[in-house]
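Note on naming: letters A, B, ... go to the chains in the order of the sequence lines (proteins, then strands), and numbering restarts at 1 for each one.
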There are 2 protein chains.
Amino acid sequence: MANVEAKARKILIAVDEGEESLYALSWALSNVISENSKDTIILLYAKPPRVVYSSLDGTGYMFSSDIIASMEKYGHDVADCVMEKAKRLCKDLHDVKVETKVENGDARDVICEVAEKLGVDILVMGTHGYGLIKRAFLGSVSNHCAQKVKCPVLIVKRPKSVA
Amino acid sequence: MANVEAKARKILIAVDEGEESLYALSWALSNVISENSKDTIILLYAKPPRVVYSSLDGTGYMFSSDIIASMEKYGHDVADCVMEKAKRLCKDLHDVKVETKVENGDARDVICEVAEKLGVDILVMGTHGYGLIKRAFLGSVSNHCAQKVKCPVLIVKRPKSVA
């Protein structure tokens, strides 16, 4: 790339449990990130806040603390699993630093806040971002972030043929 | 970039009369496009359809054909001027092919249609896309395209400090 060799960029990549975000990561690795650059990749996973679990229950019945604890545990396991998969995709990078970040909160807020706070050079994301629970909002996370963050945003969709 | 040397990509870059789209082009040249790659850049300008000029007149008075002709001429001149500026930014590319395309129509439709028809690998755009006339719809073109096109979309905003 023309002027990039000298400049170390911070590249924020939002990952979630959907295959689409890992596809977005792979695409960015092949198309935007030079394996010999001094870039830093920050893999970000937003863990849904507890209120999402509670709101799953439409009966008005409150979950017992045991159930909440095991859901929290499940949330941790999912985060670990997603990060492991994502890091595996990055294993062939030489000089590129790979960092991971798990934050609690609504993906839309978390992604925008981290992008802002770290002053990243580019945000990469799939069109999902909420995982399975909020598929009804398909695409709304990337739309929201594309409007709100100040840095360039790369939105990568998984082609149908790969699905 | 990892696997890019061998693969020639088609990169569609939507340009308009706003400085922001030229900033998006520059950013893509520095960050996504290798100057020695076999990539093809397609610079696309969407010329607003005639109905946009007519609707400028809120009095119900129809423009005379002279005025419409000179507005058409103005439209051509703007297209030429934008393309010249854009091509100048691309002048240092060695093996990269640069093509230009001017299409009549609503930017949202034109960009999506061309992306689809040419089967491009990535669409690059600023957050504008309508030029001055439709600033009220600021951002809507990129949102629309990001939702509709199947390829990865890179949305580049012009940082405030450059403005």
Straight-line distance of B/Asn143 CG to A/Ser142 OG, nearest 0.5 Å: 9.0 Å
Sidechain-backbone polar pair: B/Lys157 side chain, A/Val153 backbone, donor-acceptor under 3.5 Å: no
Name of the residue among B/Ile155, B/Ile122, B/Asn31 meeting side chain to side chain contact (heavy atoms under 4.5 Å, CB included) with A/Leu154: B/Ile122
